Amino acid sequence: MPESSGAHEVPGAREARGAAEAREARGARGVRGVRGVKSATRTVALLELLAARGDRPARLDELAEELDVPRSSMYQLLQTLIDCGWVRSDTTGSLYGIGIRALFTGTSYLDSDPHVRLVRPYLDQASDALGETIHLARLDGPDVVYLATRESHEYLRTISRVGRRIPAHAGALGKALLAERPDTELPLPEDPLPALTENTHTTRATLLTDLAEVRARGHSVDREETVPGIAGFGFALRYDSPATDAISCSVPVARLSESHEARVIAVMRETRTKIENAFPSASGAPDWR
């Protein structure tokens, strides 16, 4: 995952801290001119940090230091969230992790989203046709978040990708969506861009060259930029403008022949067309943006 300044920073902690800093930078008033509630901002930052740590629980002092909150205030907040089911602690009461109530919120987001419901069957079809892993993800600031995945029968992951995020510049899904936007409006951090592998773009200049090629060919290509040994092919879904969702196919490079790559691109292009044609232009669903 991206390099960090902290020697023991876990995957996702950078994103959680960055989101918290962005909220602080907006000051007392939010993006809609409504005065922010400090306790709510602190609670969200804590939950995001715990979620980002995954299976690595945190101690009180770690959380207080990471979020720059007094130890006593952090303890009170943790106990409140434990009582509500949003945070859990071990039998010693010294280690904290995300609670089961967070699962309810996450699944509710997926279940209520009309795009996710519509796309899921097409992910199944593409995975069956290709025998490969197919993803649906959404752009969220400088990252993409996995919304659905259909795993290949050839290689199964033991950890679900759904809900996890990666930098948008570092893979097929994100590059497909960045290419839908003008170069001057890309939601990117300053150089150097965080690297996931030795092939990840680390400068805006090389990324912009890649995005120009994405626009020309109509899809993105990831040559081991997210995960070593894995190639990806990404296709923006243009039922929104600019597109916020994309689908991709991941293939181990060890068995990515020229003919198989051509078939992957053809099937994924057809899948994109089917999805875009299936989504009604006026569904009556809320525009959550």
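Computed from a predicted structure; not experimentally measured.
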For this session: Quick one: sort the F233 and H219 rings into parallel, tilted or perpendicular, breaks at 30° and 60°.
Result: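 Ring orientation, 0 to 90° scale: tilted.
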For this session: Determine the interplanar angle of the Y239 and H115 rings, folded into 0 to 90°, and report it as parallel if under 30°, tilted if 30 to 60°, perpendicular if over 60°.
Result: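 Plane angle between 30° and 60°, so tilted.
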Does [Y] offer a backbone N or O that forms a donor-acceptor pair with the side chain of [X] under 3.5 Å?
X: S127; Y: E132; answer: yes
X: D240; Y: P242; answer: no
X: R117; Y: D111; answer: yes
X: R53; Y: R56; answer: yes
X: T226; Y: A170; answer: yes
X: D191; Y: R204; answer: yes

Problem set entry | Verdict with reasoning, L256 to R223, per side chain to side chain contact (heavy atoms under 4.5 Å, CB included) | CA-CA 11 Å; L256 184 61; R223 305 288 184 186; 3.8 Å; yes
Can you name the nearest heavy-atom pair linking [X] to [Y], along with the distance?
X: T149; Y: V162; answer: N-CG2, 4.2 Å
X: L173; Y: A137; answer: CD1-CB, 3.6 Å
X: S152; Y: T133; answer: N-OG1, 2.9 Å
X: G171; Y: D222; answer: CA-OD2, 3.7 Å
X: E276; Y: A236; answer: OE2-O, 3.6 Å
X: A148; Y: L123; answer: CB-CD1, 3.7 Å

[X] side, atom [atom1]; [Y] side, atom [atom2] - distance, nearest 0.5 Å:
X: S250; Y: I230; atom1: OG; atom2: CD1; result: 6.5 Å
X: T271; Y: L130; atom1: OG1; atom2: CG; result: 7.5 Å
X: L193; Y: T202; atom1: CG; atom2: OG1; result: 6.5 Å
X: L196; Y: I166; atom1: CG; atom2: CD1; result: 6.5 Å
X: F235; Y: T273; atom1: CZ; atom2: OG1; result: 9.5 Å
X: E261; Y: C249; atom1: CD; atom2: SG; result: 10.5 Å

Please determine whether residues [X] and [Y] belong to a single hydrophobic cluster, defined as Ile, Leu, Val, Met, Phe, Trp and Tyr linked transitively by side-chain heavy-atom distances below 4.5 Å.
X: V251; Y: V214; answer: no
X: L103; Y: Y96; answer: no
X: V116; Y: F104; answer: no
X: V44; Y: V145; answer: no
X: Y109; Y: L136; answer: yes

Could you list the donor-acceptor pairs under 3.5 angstrom formed between side-chain atoms of residues 67-88 and any protein atom two or more places apart in sequence or on another chain?
{"residue": "R71", "atom": "NE", "partner": "D61", "partner atom": "OD1", "Å": "2.6"}
{"residue": "T80", "atom": "OG1", "partner": "Q76", "partner atom": "O", "Å": "3.0"}
{"residue": "R88", "atom": "NE", "partner": "I98", "partner atom": "O", "Å": "3.2"}

Exercise. H201 versus T209: any side-chain heavy-atom pair under 4.5 Å?
Worked result: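 Result no, sub-4.5 Å side-chain heavy-atom pair not found.
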Exercise. Can you list the steps and then say if V119 with L237 is a side chain to side chain contact (heavy atoms under 4.5 Å, CB included)?
Worked result: CA-CA 10 Å; V119 171; L237 298 175; 4.2 Å; yes
Exercise. Taking it one step at a time, do I247 and H135 satisfy side chain to side chain contact (heavy atoms under 4.5 Å, CB included)?
Worked result: CA-CA 5 Å; I247 55 174; H135 306 289; over 6 Å; no
For this session: Might you work through the side-chain hydrogen bond (donor to acceptor under 3.5 Å, both in side chains) test for T197 and N199, ending with a clear yes or no?
Result: CA-CA 5 Å; T197 75; N199 293 337; 4.8 Å; no
Identify each donor-acceptor pair in which a side-chain atom of residues 175-188 lies under 3.5 Å from a protein atom, sequence neighbours left out, and give them as a table.
{"residue": "K175", "atom": "NZ", "partner": "D210", "partner atom": "OD2", "Å": "2.6"}
{"residue": "K175", "atom": "NZ", "partner": "V221", "partner atom": "O", "Å": "2.7"}
{"residue": "K175", "atom": "NZ", "partner": "E225", "partner atom": "OE1", "Å": "2.9"}
{"residue": "K175", "atom": "NZ", "partner": "E225", "partner atom": "OE2", "Å": "3.1"}
{"residue": "E180", "atom": "OE1", "partner": "R238", "partner atom": "NE", "Å": "3.1"}
{"residue": "E180", "atom": "OE2", "partner": "R238", "partner atom": "NE", "Å": "3.2"}
{"residue": "E180", "atom": "OE2", "partner": "R238", "partner atom": "NH2", "Å": "3.0"}
{"residue": "R181", "atom": "NH1", "partner": "L177", "partner atom": "O", "Å": "2.9"}
{"residue": "R181", "atom": "NH1", "partner": "A243", "partner atom": "O", "Å": "2.8"}
{"residue": "R181", "atom": "NH2", "partner": "A243", "partner atom": "O", "Å": "2.8"}
{"residue": "D183", "atom": "OD1", "partner": "R215", "partner atom": "NH1", "Å": "3.3"}
{"residue": "D183", "atom": "OD1", "partner": "R215", "partner atom": "NH2", "Å": "2.8"}

For this session: May I have the step-by-step check of salt bridge (Lys or Arg N to Asp or Glu O under 4.0 Å) for R150 and D124, ending in yes or no?
Result: CA-CA 6 Å; R150 293 297 178 264; D124 293 335; 2.4 Å; yes
For this session: Run through R164, H169, R138, R165 and flag the one making a side-chain hydrogen bond (donor to acceptor under 3.5 Å, both in side chains) with D143.
Result: R165
